Amino acid sequence: MADSRETSLNKAFVCGFPIKHSRSPMIHSHWLKMLALDGSYQAVEVAPESFADFISTLKSGESGYRGGNVTIPHKEAAYALSDAPDELARELGAANTLYREEGRLKATNTDGYGFLANLDQRAQAWDAKRDRAVVLGAGGASRAILQALRNRGFAEIHVLNRTLARAQELADRFGARIHAAPMEALAERLVGADLFVNTTSLGMDGAEAIEIDFSMMAGSGLVTDIVYAPLITPILQMAQAQGRPICDGLGMLLHQAVPGFEKWFGRRPEVTDELRALVIADLEKH
Ligand code: ATR
C-alpha cells in the first residue's frame, strides 16, 4: 500500500466571534495526529465587519488556507460570500464548512449530517420507525435538524417554539411535512412520537425548568438534546428518569467536523471513543 502521508502543510481554520471556547481545534488536531498528517487547524477570531475581507484572502489564496469551519455569527455571511454553496447550504441560507476546489470557494453545511451521524452511531435503530419527530426550538440549529430529519424520511416533523412565528417560518421553508406549533401543544404533539429533539437552552437555568411527560411517545421513542455541556442536560435527565432511551448531543459536534477534515486534509477521520473522552475531559475543566 502506498504511503499516504502528506508532505506539504495543509492549513485550515475555524472562524467565529468570539472563538476561544471552540473545541474544533482540539478535534481536528487529534485527527491530524492520529492520521500522521502534516497539517494545521487553528482558531481565528474575526469580527463581523472584517469577515468579508477574511473571505477575500481565502478566495485569492493569500491566506494559505485550504478552507475552514465557520461558526456564530458568520454562517449566513459565509453562505452569501462563497462562490458555490451546495443544495443543503442554499436551502438553509447558512454554511459552516468552506473549501477551495477547482479555483472556487465551495460551501456546505454539515450540522444536519452531524446530528444524524451521532444518532446513527450511538442510538441503535433510532430511525427504524420514522412516523413522527418533535423538535423544540426554531433557531439556526433547529433548521439544520429539520432539514436532516425531512431528508431522512420522517413523515411528520413538528417544530414547537416560544415564538410561534419563527416555527411557522421554518414550516413554510422546509415543506409540507413540517408542522409549526406553540410550546403549549407539546403534550399533544408528543403522542406517538419516535423522536424528541431539544435545540433550546430550556431547562438549563433552574428558574426556567420545565416538566415534560414523555410517556405518550412511541414505545421506543428516543429523546436527544443538542446541548452537550452538561452532557446530560436537565431534559435528558428527565427522560432518563422516565425510562426513555436518550442520546447526548456531543457526537453532533464531533461528526459535523468529519466532512470538512476530509476536504482539507484528504482523509476521512473517525469519531472514536478516544476522541469523545478527550473532549469530555476538556468540557469538565471549564
Ligand atoms: P441556535 O442557533 O443555537 O439554535 P438561536 O437562534 O438563538 O440559537 O435559537 C434559540 C432557540 O431557543 C429559539 O428557538 C428560542 O426561542 P425564541 O425563538 O422564542 O426566542 C429558544 N429559547 C431560548 N431560550 C428559551 C426559553 N427560556 N424558553 C423557551 N425557548 C427558548
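If you're wondering where the values come from, they're calculated on a predicted model, not measured in any experiment. Remember, it's 1-based here, ligands and their atoms both numbered in the order they're listed.
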**Student:** Who else is in Val46's hydrophobic cluster (ILVMFWY, side-chain heavy atoms under 4.5 Å, direct or via others)?
**Tutor:**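 Phe13, Val44, Phe51, Phe54, Ile55, Leu58, Tyr65, Val70, Leu81, Leu98, Leu105, which link up through side-chain heavy atoms under 4.5 Å apart, make up the rest of the cluster.
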
**Student:** Are any of the N/O atoms in Gly140 less than 3.5 Å from those in ligand 1?
**Tutor:**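 So ligand 1 has an N or O lying under 3.5 Å from an N or O of Gly140.
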
**Student:** Looking only at non-hydrogen atoms, find the nearest pair between Asn69 and Trp264 and report the distance.
**Tutor:**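 It is OD1-CH2, 3.4 Å.
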
**Student:** At a non-hydrogen distance cut-off of under 4.0 Å, which region of Arg166 contacts ligand 1 (side chain, backbone, both, or neither)?
**Tutor:**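 Answer for Arg166: side chain.
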
**Student:** Are any of the N/O atoms in Thr163 less than 3.5 Å from those in ligand 1?
**Tutor:**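 Yes, there is a polar N/O contact under 3.5 Å.
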
**Student:** Parallel, tilted or perpendicular: which fits the ring planes of Trp31 and His28, with parallel below 30° and perpendicular above 60°?
**Tutor:**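 Perpendicular.
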
**Student:** Is there a nitrogen or oxygen of Leu202 sitting under 3.5 Å from a nitrogen or oxygen of ligand 1?
**Tutor:**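 No; every N/O pair is 3.5 Å or more apart.
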
**Student:** What verdict does the side chain to side chain donor-acceptor pair (under 3.5 Å) test give for Trp126 and Asp194, after you've listed the backbone C-alpha separation in whole Å, the side-chain angles of each residue and the deciding distance to 0.1 Å?
**Tutor:** CA-CA 8 Å; Trp126 72 274; Asp194 306 301; over 6 Å; no

**Student:** Using a strict 4.0 Å cut-off to heavy atoms of Gly137, name the atoms of ligand 1 that fall inside it.
**Tutor:**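 Listed by number with element, the hits are 14 (O).
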
**Student:** Return a yes/no value for Ile72: is any of its N or O atoms, backbone included, closer than 3.5 angstrom to an N or O of ligand 1?
**Tutor:**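 Between Ile72 and ligand 1 (N or O atoms, distance only) the closest approach is not under 3.5 Å.
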
**Student:** Show me which atoms of ligand 1 lie under 4.0 Å from any heavy atom of Ser201.
**Tutor:**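 Atoms satisfying the 4.0 Å criterion: 23 (C), 24 (N).
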
**Student:** Using a 4.0 Å heavy-atom cut-off, which part of Asn161 comes near ligand 1: side chain, backbone, both, or neither?
**Tutor:**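 The answer is the side chain of Asn161.
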
**Student:** Under 4.0 Å from ligand 1, counting heavy atoms only, is it the side chain of Thr200, its backbone, both or neither?
**Tutor:**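 Within the 4.0 Å criterion, Thr200 contacts ligand 1 through backbone and side-chain atoms alike.
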
**Student:** Pick from Leu146, Leu88, Leu116: which one makes a side-chain contact (heavy atoms from CB on, under 4.5 Å) with Asn151?
**Tutor:**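 Between Asn151 and the candidates, side-chain contact (heavy atoms from CB on, under 4.5 Å) is satisfied uniquely by Leu88.
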
**Student:** Would one find an N or O of Ser142, backbone or side chain, under 3.5 Å from an N or O of ligand 1?
**Tutor:**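 Checking ligand 1 against Ser142, no N or O pair falls under 3.5 Å apart.
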
**Student:** Could you list the donor-acceptor pairs under 3.5 angstrom formed by side chains in residues 215-225, with sequence neighbours left out?
**Tutor:**
residue: Ser215; atom: OG; partner: Asp213; partner atom: OD1; Å: 2.7
residue: Ser215; atom: OG; partner: Asp213; partner atom: OD2; Å: 3.3
residue: Thr224; atom: OG1; partner: Cys247; partner atom: O; Å: 2.7
residue: Asp225; atom: OD1; partner: Asn198; partner atom: ND2; Å: 3.2
residue: Asp225; atom: OD1; partner: Val227; partner atom: N; Å: 3.0
residue: Asp225; atom: OD2; partner: Asn198; partner atom: ND2; Å: 3.2
residue: Asp225; atom: OD2; partner: Thr233; partner atom: OG1; Å: 2.6

**Student:** Please determine which of Thr200, Ile226, Thr199 meets the side-chain contact (heavy atoms from CB on, under 4.5 Å) test together with Val135.
**Tutor:**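 Among the candidates, only Thr199 passes.
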
